[in-house]
Number of protein chains: 2
Amino acid sequence: MSPTSPPAERGDRGDSTRRALIEAAITEFARDGFHAASTREIARSAEANQALIGYHFGGKEGLYLAVFQFISEQIQARVGMAVGPIEAYLAELQDLGALTMPQREQCVALLMRLVEGMTRMFTDPNAKPWAQLILREQQSPTKAFDILFEGFMSRYLGIVTQLILRLRPELSRDEAALSVITILGQILVFRVARSTLLRHMTWPDVGPDQVDLILKQIKANLTAMLHSKD
Amino acid sequence: MSPTSPPAERGDRGDSTRRALIEAAITEFARDGFHAASTREIARSAEANQALIGYHFGGKEGLYLAVFQFISEQIQARVGMAVGPIEAYLAELQDLGALTMPQREQCVALLMRLVEGMTRMFTDPNAKPWAQLILREQQSPTKAFDILFEGFMSRYLGIVTQLILRLRPELSRDEAALSVITILGQILVFRVARSTLLRHMTWPDVGPDQVDLILKQIKANLTAMLHSKD
DNA sequence: GTCTATAGCCCGATAGAC
DNA sequence: GTCTATCGGGCTATAGAC
């Protein structure tokens with residue numbers, strides 16, 4: 001079955017244990033990283049036996065990878081749904097030349113929706129552990145990073161880049177790709193530099209009202225970037 | 001003298017040991033975080049005795065804080081130099097109304113220089129351990145984050161915000177402050193999402209040529225933001 | 001598939017000689 | 001200030017009963 005299947009048998013019991021261990025592990029690994037998490041604490045939090053980590057995942061590292069596999073699947077289910085239709089739409093436009101005005105507006109709308117979705121995902125308090133794990137993995141990538149990149153990042157960045165290229169055809173592929181990274185930066189910063197954000201803005205927290213302000217700012221920047229004449 | 005002085009005596013020997021331990025600790029703490037670093041390994045790398053960490057810094061945590069004190073001072077020496085004169089210039093402009101064209105151009109030039117300095121600092125391979133430590137501290141801030149924020153972040157963000165406010169007087173203080181965060185994001189992303197960057201751009205590494213491209217992109221975005229009419 | 005028990009290792013802190 | 005030696009504890013992995 002899946003590459004992380006237990007060596008023997010199938011059954012609800014084992015599955016629910018695996019699931020509980022993964023969910024507990026997400027919290028623990030996110031808190032202070034791989035090394036700071038202990039398998040004892042994960043097992044306690046999952047109300048499972050510590051030895052089962054070895055049995056189901058081969059060890060602490062196997063559990064870590066299973067966590068990323070799980071997260072990647074969850075995000076694909078959440079974001080990937082929107083990506084497919086856009087890829088189809090872009091393929092449709094492919095052979096055509098310059099965009100008509102309605103097509104252009106449609107592309108802008110799609111771009112905004114993608115950016116909004118990603119921003120909401122990264123600012124959602126429920127996704128905090130995911131975000132922390134992903135960010136940590138970026139700075140010293142292990143095999144887990146490949147799972148993430150292949151799982152959803154690659155596709156997401158790809159369609160955003162294509163949309164930018166459509167909207168600013170004078171850009172080279174590299175210029176468009178680089179501008180996508182700066183857009184990503186404007187989204188990530190609200191998770192990455194959260195402490196700086198709160199202190200600089202003197203916000204008590206990032207709640208729904210703050211997310212609205214953040215989205216307004218990012219969208220305004222994006223609009224400005226799309227109208228830029230350099 | 002300094003708050004982290006050893007409890008007794010003064011001398012070159014102790015100072016150089018302290019310094020060696022701090023520099024070794026920067027590397028070790030940066031690698032995989034506070035918990036993964038071991039005092040034994042730090043001492044070995046500093047060619048000092050492990051027990052001296054307790055003597056000079058009170059323990060592992062004291063050494064961690066001393067590392068951030070050191071980094072904060074280094075960055076202040078590097079960035080702070082530029083900040084003082086700009087603060088003075090902004091104070092000069094304070095009572096005046098709308099900017100004249102040459103004043104406006106001067107403000108844009110100062111802003112660009114600040115952004116370029118920060119970008120170069122964060123992309124400099126030598127600063128990689130600093131950047132890693134700073135970023136980790138943001139996500140689960142300890143006392144060390146206060147050292148950083150008070151040490152240089154606060155002043156830097158303050159003058160950038162003031163420059164933006166001068167250049168776009170129609171913005172509220174909060175709008176200007178938020179746009180500064182998105183600028184910060186465009187700089188940080190090249191460190192934070194380094195793995196994604198390399199894979200997405202298919203760059204082998206971030207060298208001087210890539211930094212030039214990055215700067216060009218960030219400056220173009222900034223220009224677009226400053227000319228935005230919303 | 002789940003459990004207990006433990007082997008074997010590395011850790012941070014510190015007492016005490018110099 | 002620097003060193004050696006060690007204490008006490010937490011860790012992962014695993015053997016073996018059920």
Side-chain angles (χ1 to χ4, degrees), chain A residues 1-67 142-144, chain B residues 1-67 142-144:
Chain A
M1 258 3 100
S2 98
T4 46
S5 286
E9 266 188 72
R10 301 281 306 144
D12 283 354
R13 196 121 121 83
D15 280 356
S16 75
T17 301
R18 285 168 50 82
R19 174 65 178 257
L21 282 170
I22 286 176
E23 292 193 338
I26 287 175
T27 308
E28 294 303 315
F29 284 136
R31 198 194 309 285
D32 281 305
F34 179 82
H35 302 282
S38 90
T39 54
R40 280 169 156 80
E41 184 56 38
I42 292 169
R44 196 174 309 132
S45 160
E47 299 181 78
N49 190 286
Q50 187 246 349
L52 292 176
I53 290 173
Y55 178 74
H56 285 293
F57 305 99
K60 186 182 181 182
E61 196 172 324
L63 174 55
Y64 185 72
L65 292 177
V67 158
T142 67
K143 277 178 259 171
Chain B
M1 247 19 92
S2 101
T4 48
S5 288
E9 265 189 72
R10 301 281 306 142
D12 284 354
R13 197 121 122 79
D15 281 356
S16 76
T17 300
R18 285 169 50 82
R19 174 67 178 257
L21 282 170
I22 286 175
E23 292 192 338
I26 288 175
T27 308
E28 294 303 315
F29 284 135
R31 197 193 311 284
D32 282 305
F34 179 81
H35 301 282
S38 91
T39 54
R40 283 175 158 83
E41 184 55 38
I42 292 169
R44 196 176 307 130
S45 160
E47 297 181 81
N49 191 286
Q50 187 243 350
L52 291 176
I53 290 173
Y55 178 75
H56 285 293
F57 305 99
K60 187 183 181 182
E61 196 173 323
L63 175 56
Y64 185 72
L65 292 177
V67 158
T142 66
K143 277 178 259 172

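Reminder, nothing fancy here: chain letters follow the sequence lines and each chain counts from 1. All values below were derived from every heavy atom in this structure, side-chain atoms included, with hydrogens, water molecules and symmetry-related copies excluded.
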Pairs flagged by salt bridge (Lys or Arg N to Asp or Glu O under 4.0 Å) wherever residues 44-65 of chain A is involved - sequence neighbours left out: A:Glu41-A:Arg44

Separation of atom CG in A:Leu63 from atom P in D:dC11, rounded to whole Å: 15 Å

Spatial distance of atom CD1 (B:Ile26) from atom CD1 (B:Ile42) [nearest 0.5 Å]: 10.5 Å

From B:Thr142 atom OG1 to B:Leu65 atom CG, the distance as rounded to the nearest 0.5 Å: 6.0 Å

Protein-nucleotide distance (A:Glu28, atom CD; D:dC11, atom C1'), rounded to Å: 14 Å

Side-chain touch B:Phe34/A:Asp32, heavy atoms, less than 4.5 angstrom: no

Atom-to-atom span, CG of B:Asp15 to C1' of D:dT2 - whole angstrom: 15 Å

Sub-4.5 Å side-chain heavy-atom contact between A:Thr27 and A:Arg31: yes

Report all interatomic pairs (protein N or O, nucleotide N or O of nucleotides 12-14 of chain C) with separations under 3.5 Å.
{"residue": "C:dG12", "atom": "OP1", "partner": "B:Ala37", "partner atom": "O", "Å": "3.3"}
{"residue": "C:dG12", "atom": "OP1", "partner": "B:Thr39", "partner atom": "N", "Å": "3.3"}
{"residue": "C:dG12", "atom": "OP1", "partner": "B:Lys60", "partner atom": "NZ", "Å": "3.0"}
{"residue": "C:dG12", "atom": "OP2", "partner": "B:Thr39", "partner atom": "N", "Å": "2.8"}
{"residue": "C:dG12", "atom": "OP2", "partner": "B:Thr39", "partner atom": "OG1", "Å": "2.7"}
{"residue": "C:dG12", "atom": "N7", "partner": "B:Arg40", "partner atom": "NH1", "Å": "2.7"}
{"residue": "C:dG12", "atom": "O6", "partner": "B:Arg40", "partner atom": "NH2", "Å": "3.1"}
{"residue": "C:dA13", "atom": "OP2", "partner": "B:Lys60", "partner atom": "N", "Å": "3.0"}
{"residue": "C:dA13", "atom": "N7", "partner": "B:Gln50", "partner atom": "NE2", "Å": "3.3"}
{"residue": "C:dA13", "atom": "N6", "partner": "B:Gln50", "partner atom": "OE1", "Å": "3.1"}

Spacing between B:Asp32 atom CG and C:dC11 atom C1', to the nearest angstrom: 16 Å

Geometric class of the B:Phe29/B:Tyr64 ring pair [parallel <30°, tilted 30-60°, perpendicular >60°]: perpendicular

